[in-house]
Amino acid sequence: QVQLVEFGGGPVQAGEFLRLACAAKGNISGSAMSWIRQAPGKERELIGLISSDGHTNYADSVKGRFTISRDNAENTIYLQIDRLKPEDTAVYYCAFYGATGTVWGQGTQVTVSS
């Protein structure tokens, strides 16, 4: 059973960048992964997907500032957010799509102040 832990969140200033990591316990190398966020009072929003071989797709709302990558040797995926905005304030989650279902991490809070 894969387990996921996100880290790298915290309070940041608008305009800065942040790199979040999602470390997996278990082998994720053959599976697609995604990053999702949930802002206060809003529904969860898919940020993007990364395939097992590194191809990415992003939601239109985040194209240009968000970059997903992965290191299969380290069982880790990353989310870099450039030019942070206050509206990026949210809990950021990673998800693993396995044969038996989707596994979520516990999330990491990102708070962007202006």
Checklist entry - Under a 4.0 Å N-O cut-off, is there an ion pair linking D60 with K63? => result yes
Item to check | Shortest non-hydrogen contact between K85 and R65, atoms and distance | outcome: CE-NE, 3.7 Å
Checklist entry - With distance as the sole test, does R70 use its side chain to make a donor-acceptor pair with the main-chain N or O of A32 at under 3.5 Å? => result no
Item to check | Under 3.5 Å: donor-acceptor pair, side chain of Q80, backbone of F17 | outcome: no
Item to check | ILVMFWY cluster membership beyond V110 - transitive side-chain contacts under 4.5 angstrom | outcome: V2, L4, V12, L18, L20, I28, M33, W35, I47, I50, Y58, V62, F66, I68, I77, L79, I81, L84, Y92, F96, V103, V112
Checklist entry - If every non-hydrogen atom of G9 is compared with every non-hydrogen atom of T108, which pair is closest and at what distance? => result N-OG1, 3.2 Å
Checklist entry - How about Y97: does its OH atom have over 12 heavy atoms from other parts shown lying under 6.0 Å from it? => result yes
Next on the checklist: To the closest 0.5 Å, what do you measure between SG (C94) and OH (Y78)?
Outcome noted: 12.0 Å
Checklist outcome for this item: Nearest heavy-atom contact between S61 and E45 is OG-OE2, 2.8 Å
Checklist outcome for this item: Separation between CZ (R44) and CD (Q38), nearest 0.5 Å, reads 5.5 Å
Checklist entry - For the residue pair L46 and S34, what are the closest heavy atoms and their distance? => result CD1-CB, 3.8 Å
Next on the checklist: Just by distance, no angles: are the side chains of H55 and D53 close enough, under 3.5 Å, to form a donor-acceptor pair?
Outcome noted: yes
Checklist entry - Closest heavy-atom contact between G30 and S52? => result C-CB, 3.6 Å
Checklist entry - Is the backbone of Q106 close enough, under 3.5 Å, to the side chain of E6 for a donor and an acceptor to pair up by distance? => result yes
Checklist outcome for this item: Between Q109 and A90, the two heavy atoms sitting closest are NE2-O, 3.4 Å
